[in-house]
Amino acid sequence: MKIVERVKALLGRDAVLEDTGAPDGLPRVAPASPDAVALLLGTAREEGWRVRVEGAGTWMPADAAADLALTTRRLDRVPSIQPQDLAATAEAGIGCDQLRQQLADRGAWLALDPPGLAGRTLGSVVATATAGPLRHGFGAVRDHLVGVTFVTGDGRLVQSGGRVMKNVAGYDLTKLQAGGFGAFGVIVLVHLRLRALPRVDQTLVLEGSREDLSRVADDITAAGLTLAALELFSPALARRDRWVLAVRLAGSAALVGAEEAGLRSATGGQFSALRADEAHAFWMRAAEAFATRPVTFRVGGLPDSSDDLLDLIQHQVGDEWVSASPGAGTLRWTGETTVDRLRRLRRTLAAQEVPLTVERAAWPLRRAVGHFGAYREGVGPLVAGLRHTFDPGNAIAVAVESEDRAG
Amino acid sequence: MIDHALVEALTQIVGERHVRTAGAERATYAKDGLTVHRRLPAVVVLPGSRDEVIAVVRLLAVHGVPFVPRGAGTGLSGGALADQDAVLLVLTRLNRILKVDPRNRVATVEPGVVNVKLSVAAAPHGLLYAPDPSSQSACTIGGNVAENAGGPHCLKYGVTATHVLALEVVLADGQVIQLGSPGGEAWGPDLVGLFVGSEGNFGVATRITVRLLPVPRAVRTLLADFPALRTAGEAVSAVIASGIVPAALEMMDHSCIQAVEDSVYAAGYPRDAAAVLLVELDGRVDDSVAADAASVEAILKDHGARSVRTAVDARERERLWQGRKKAFGAMGRLSRDLVVQDAVVPRSSLPDVLEAIGRIGERYGLTVSNVFHAGDGNLHPNISFDGRIPGLRARVDAASGEMMAACIVAGGTITGEHGIGLDKLRYMPLIFDGDSLTAMRGVRRVFDPAERVNPGKVVPVHACREWAGVRNAEFQARNAEVGTRSASRGDGVSSSALRVPSSAVGS
Ligand SMILES: Cc1cc2nc3c(=O)[nH]c(=O)nc-3n(C[C@H](O)[C@H](O)[C@H](O)COP(=O)(O)OP(=O)(O)OC[C@H]3O[C@@H](n4cnc5c(N)ncnc54)[C@H](O)[C@@H]3O)c2cc1C
């Protein structure tokens with residue numbers, strides 16, 4: 001029996017999307033429940049099918065070589081929002097914009113502003129651990145998760161964590177899934193830690209040369225201000241003539257007022273405030289830009305190396321589309337580049353103990369350099385072992401490590 | 001087997017003084033902070049350096065001997081206990097702070113560094129290490145990493161996992177690996193995050209790089225007193241829902257208040273209160289902290305607080321905290337034995353769950369005191385008893401089990417910070433199904449194929465089951481019954497009560 005017929009028999013006729021077939025002609029399957037995902041992957045294991053996992057298809061190109069595509073887009077329910085507990089449970093295929101709206105309706109907020117288009121799925125944000133500028137104030141993606149349920153490559157439904165705010169029962173497999181790029185299973189359900197919608201949300205920007213703004217950023221960091229975000233944008237990303245240092249303040253009126261005053265006194269009062277609609281557009285456009293160029297990667301160093309990292313990146317791959325979070329030491333780049341350049345950059349950075357993670361790229365580049373590249377000594381066998389534990393038949397098509405293990 | 005030759009070889013590595021074989025010496029290490037469990041290790045070894053740890057672990061690998069890493073032994077789940085066939089590897093001599101980097105706000109320490117000493121070392125730079133377990137003057141950072149320890153101020157700043165950036169780990173076979181990077185970005189999957197909270201099952205952490213935070217310049221500490229446990233619980237929920245994130249939000253009940261006030265740590269808590277809440281707000285600017293404190297005070301009063309007292313100076317604040325931090329010790333004086341429990345529930349269910357716990361205690365005729373991290377919903381119902389009274393221990397056990405069940409039914413979990421260790425093994429199948437436990441065991445075996453490091457902890461091996469055959473049959477049978485589209489959307493997340501525990505599913 002052909003794959004399509006088999007899947008229809010297994011999950012029902014409407015599980016196979018007819019009209020929106022993948023560009024490469026792969027059958028695209030949209031399971032409607034975690035159980036259905038488990039059944040599909042269990043069958044894939046038995047049949048030896050290779051499966052490409054997709055969300056809404058707005059972030060990672062849908063081009064990994066496989067026998068069928070599994071999209072999470074029908075796993076788009078939000079079974080629980082508990083504003084009084086600041087907790088929610090959402091299926092992995094929900095669009096971030098939809099989730100944000102549903103949370104806001106209940107006065108709650110997920111303090112994550114991932115790069116990419118508004119409709120990006122929650123599962124893709126978790127799997128790639130792509131936090132945005134709010135990471136400065138509210139932490140990495142993993143810090144917003146209290147549990148996930150995922151399906152292994154051989155169709156087992158596994159739960160880790162729970163839905164309460166603290167949990168040390170068993171090993172923390174949630175951490176493995178956050179940023180695992182799907183190598184350890186398909187995330188189907190995500191339990192989230194929320195915040196109350198901030199009463200005041202203020203964005204201030206300053207334009208200038210990169211050098212000047214880096215100095216200002218240092219002053220701000222030294223002042224120990226409580227900021228939601230502190231992000232340096234290249235002119236192209238900010239859509240301005242010069243580099244832009246953007247500060248976001250979020251919280252109670254008292255907190256935002258005090259921190260804005262602190263910001264002005266630490267920097268000589270040069271920042272200008274954006275109106276709410278301008279601020280929304282500013283952050284959204286920058287986030288979207290990361291999904292429109294062919295390659296996006298992130299690097300993470302120590303805060304005091306932020307400037308040097310920018311220099312290095314400018315030198316090796318150009319700094320047209322780049323943003324840096326000087327307080328956190330992280331940096332995100334997007335643009336066009338080659339396998340060789342990426343490998344060279346990754347090697348140079350590795351010598352400085354700075355990892356480079358390829359967040360998105362076309363399959364040939366992903367396969368050649370891997371999301372993670374080569375690991376440090378002794379870590380490769382562990383990752384391979386974990387891969388084998390969660391996907392014994394190698395059913396999930398994902399390029400976590402570099403093809404030649406050199407880059 | 002641990003024979004004389006192996007002891008001799010251990011002695012060669014660490015020196016005679018640091019290998020303990022006499023019964024009395026080993027007995028010192030037979031318990032941790034939860035004294036109901038007792039295991040006598042075959043040998044106790046105290047390496048003095050990372051290289052000695054590596055040499056010991058390699059030697060034990062060659063001989064196939066199991067071993068248990070141990071920090072200060074303050075754990076509350078029987079995690080750091082070793083059986084007769086195992087070596088106890090005590091890491092307290094690895095107690096150097098290797099680096100404090102104020103510019104990047106990071107520090108690197110050896111695992112035996114006592115938690116509070118790191119904050120003391122960071123203080124001259126205006127920095128601190130945020131996770132502050134109540135045992136912080138004794139417990140080690142290595143033990144904190146292994147347990148993913150929490151503390152009162154983790155409500156705002158996050159538990160240990162939030163603060164660990166990089167680790168050096170000695171695996172069971174003696175291989176040394178580096179996980180994470182100084183900036184916190186992972187090299188590949190987040191193995192640092194996976195290691196934190198693995199209770200010594202994945203290897204020995206020999207170097208730990210953590211994030212430091214600026215010491216807050218403005219602090220307000222409030223003590224609110226409530227005539228009923230329920231209203232105190234409701235007040236917690238209201239504070240959380242308000243969007244203000246206190247640095248700490250702790251609760252002590254009537255019985256705990258009496259114990260503290262009867263001890264040398266008497267903090268001036270009102271003895272007639274059914275419960276008190278200790279709430280701390282902190283930040284950079286006094287005005288905004290004061291404004292938040294005023295809002296919190298109003299919420300507490302709206303929810304039935306009889307009075308709200310604000311600490312006037314650092315001394316009073318210190319005293320209020322001293323009572324809280326020493327509460328376990330004070331309760332330990334109530335009777336010969338103390339079982340410290342640990343569970344987490346959704347914060348809005350605190351009032352109901354506290355009442356349920358009270359009823360369970362009454363039914364079993366036991367003294368239950370509560371002192372806990374209320375802001376996180378992290379309960380610590382503690383049972384004081386005299387284990388010499390026939391039948392009492394069994395009653396305590398049964399009551400503990402019912403309390404755990406009540407927390408699970410409320411959508412909670414069986415431990416928020418003390419870990420599974422030996423003590424909670426039996427509850428694991430209540431919250432995880434066979435597939436989830438099998439997956440955990442699989443991960444453990446990637447790090448330690450022979451399951452030699454801290455054997456018999458965390459995952460109840462007997463409960464790991466393979467469901468593969470069952471699942472397909474079950475799934476198809478269910479859909480045949482429904483008779484319509486396979487795997488169509490239901491009302492819930494999954495209709496499989498068999499495999500998805502209640503805590504995985506939103507209500
Ligand atoms: C009075 C009192 C109050 C407490 N309050 C809190 C609290 O507020 N919050 C909280 O979270 N806990 C609390 N605890 C529990 C306990 O202090 C913590 O679990 C602490 O993290 C244990 O540290 P330790 O050094 O004593 O570790 P140990 O008890 O010696 O060991 C605990 C576990 O860690 C493993 N381990 C130790 N070192 C290493 C290492 N280097 N590498 C790998 N594995 C290792 C051991 O094998 C064991 O499984 C309290 C305990 C007491 C007695």
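Throughout, a chain's letter reflects where its sequence line sits, starting with A, and its residues are numbered from 1. Every value quoted in this text rests on a predicted model; they were computed, and no experiment measured them.
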Find the one option among A:Gly224, A:Pro198, A:Ala87 whose heavy-atom pairs under 4.5 Å with chain B are most numerous.
A:Gly224

For B:Ile240 and A:Asp85, what are the C-alpha separation, side-chain angles and deciding distance, and is it a side-chain contact (heavy atoms from CB on, under 4.5 Å)?
CA-CA 7 Å; B:Ile240 295 300; A:Asp85 286 323; over 6 Å; no

Less than 4.5 Å apart, side chain to side chain, heavy atoms only: is that true for B:Thr415 and A:Lys166?
no

Quick check on B:Phe195 against chain A: is it the side chain, the backbone, both or neither that has a heavy atom closer than 4.5 Å?
neither

Toward chain B, the part of A:Ala261 with a non-hydrogen atom under 4.5 Å:
neither

With a 4.5 Å heavy-atom cut-off, do A:Leu382 and B:Phe447 have their side chains touching?
yes

Counting only heavy atoms closer than 4.5 Å, note whether B:Gln178 contacts chain A via side chain, backbone, both or neither.
both

Hey, mind stepping through B:Glu147 and A:Val168 against side-chain contact (heavy atoms from CB on, under 4.5 Å) and telling me if it holds?
CA-CA 7 Å; B:Glu147 299 289 5; A:Val168 295; 5.8 Å; no

What closest approach, in Å, do B:Ser436 and A:Gln159 show between heavy atoms, and which atom pair accounts for it?
OG-N, 2.9 Å

Could you report the tightest heavy-atom contact between B:Ala186 and A:Thr357, atom names first, then the distance?
O-OG1, 4.3 Å

If you count heavy-atom pairs under 4.5 Å between each of B:Ser349, B:Gly416, B:Ala238 and chain A, which one has the most?
B:Gly416

With chain A, which of B:Asp101, B:Asn148, B:Leu171, B:Thr162 has the greatest number of heavy-atom pairs at distances under 4.5 Å?
B:Thr162

Using side-chain heavy atoms (C-beta onward) and a distance below 4.5 Å, is A:Phe390 in contact with B:Val443?
yes

Sort A:Phe184 into side chain, backbone, both or neither according to what part of it lies under 4.5 angstrom from a heavy atom of chain B.
side chain

Do B:Arg347 and A:Leu86 touch side chain to side chain, with heavy atoms closer than 4.5 Å?
yes

Sub-4.5 Å side-chain heavy-atom contact between B:Met440 and A:Leu173
yes

Using heavy-atom distances under 4.5 Å, tell me whether B:Arg211 contacts chain A through its side chain, its backbone, both, or neither.
neither

side-chain contact (heavy atoms from CB on, under 4.5 Å) assessment of B:Val459 paired with A:Tyr171
CA-CA 9 Å; B:Val459 178; A:Tyr171 311 131; 3.8 Å; yes

B:Ser242, part contacting chain A, at a heavy-atom distance under 4.5 Å:
backbone

Minimum heavy-atom distance between B:Ala241 and A:Ala196, given as atom pair plus value:
O-CB, 4.4 Å

Roughly how far, to the nearest 0.5 Å, is the CG atom of A:Leu255 from the CG atom of B:Asp287?
12.0 Å

Does the side chain of A:Phe372 come within less than 4.5 Å of B:Pro189's, by heavy atoms?
yes

At a heavy-atom distance under 4.5 Å, which candidate from B:Pro346, B:Ser198, B:Pro214, B:Gly243 has the highest pair count against chain A?
B:Pro346

I need the minimum non-hydrogen distance between A:Glu353 and B:Pro182, along with the two atoms involved.
O-CD, 3.8 Å

Pair B:Glu185 + A:Arg135, salt bridge at N-O below 4.0 Å:
yes

Give the minimum heavy-atom separation between B:Ile414 and A:Ala169, together with the two atoms involved.
CG1-CB, 4.0 Å

Is there side-chain contact between B:Leu191 and A:Leu386, with heavy atoms separated by less than 4.5 Å?
yes

Engaged part of B:Arg445 at the chain A interface, taking heavy atoms whose separation is under 4.5 Å:
neither

Heavy-atom distances under 4.5 Å only: say whether B:Val344 touches chain A with side chain, backbone, both or neither.
both

Less than 4.0 Å between a side-chain N and a carboxylate O, is that true for B:Arg103 and A:Asp304?
yes

Measure A:Val383 against the heavy atoms of chain B and call it side chain, backbone, both or neither at under 4.5 Å.
side chain

Answer key: most heavy-atom pairs under 4.5 Å with chain B among A:Arg142, A:Arg298, A:Arg195, A:Arg13 is A:Arg142

Could you tell me which portion of A:Arg199 (side chain, backbone, both or neither) has an atom closer than 4.5 angstrom to a non-hydrogen atom of chain B?
side chain

Chain A interface, residue from B:Val289, B:Val345, B:Val285, B:Leu194 that has the most non-hydrogen pairs under 4.5 Å:
B:Leu194

Is chain B contacted by the side chain of A:Leu225, its backbone, both, or neither, given a heavy-atom distance below 4.5 Å?
both

Side chain, backbone, both or neither: which part of B:His418 has a non-hydrogen atom closer than 4.5 Å to chain A?
backbone

Could you look at A:Gln84 and say if it's the side chain, the backbone, both or neither that has a heavy atom under 4.5 Å from chain B?
both

Gap between atom OG of A:Ser252 and atom CG of B:Asp292 - 0.5 Å precision:
4.5 Å

Let me see the working for B:Ser181 and A:Val354 under side-chain contact (heavy atoms from CB on, under 4.5 Å), right down to the final yes or no.
CA-CA 7 Å; B:Ser181 68; A:Val354 175; over 6 Å; no

Relative to chain B, which segment of A:Thr152 carries a heavy atom at a distance below 4.5 Å: side chain, backbone, both, or neither?
neither

For the candidates B:Ser237, B:Ala439, B:Pro449, B:Gly197, which exhibits the highest count of non-hydrogen atom pairs separated by less than 4.5 Å from chain A?
B:Ala439

With a 4.5 angstrom heavy-atom cut-off, is it the side chain or the backbone of A:Val37 that approaches chain B, or both, or neither?
neither

Per-residue tally against chain A (heavy atom, under 4.5 Å) across B:Asn201, B:Val159, B:Leu179 peaks at B:Asn201

Contacting moiety of A:Gln177, where chain B heavy atoms sit under 4.5 Å
neither

Looking at chain B, which one of A:Lys175, A:Glu259, A:His388 has the largest number of heavy-atom pairs inside 4.5 Å, strictly under?
A:Lys175

Hey, does B:Asp376 have a side-chain heavy atom less than 4.5 Å from the side chain of A:Val164?
no

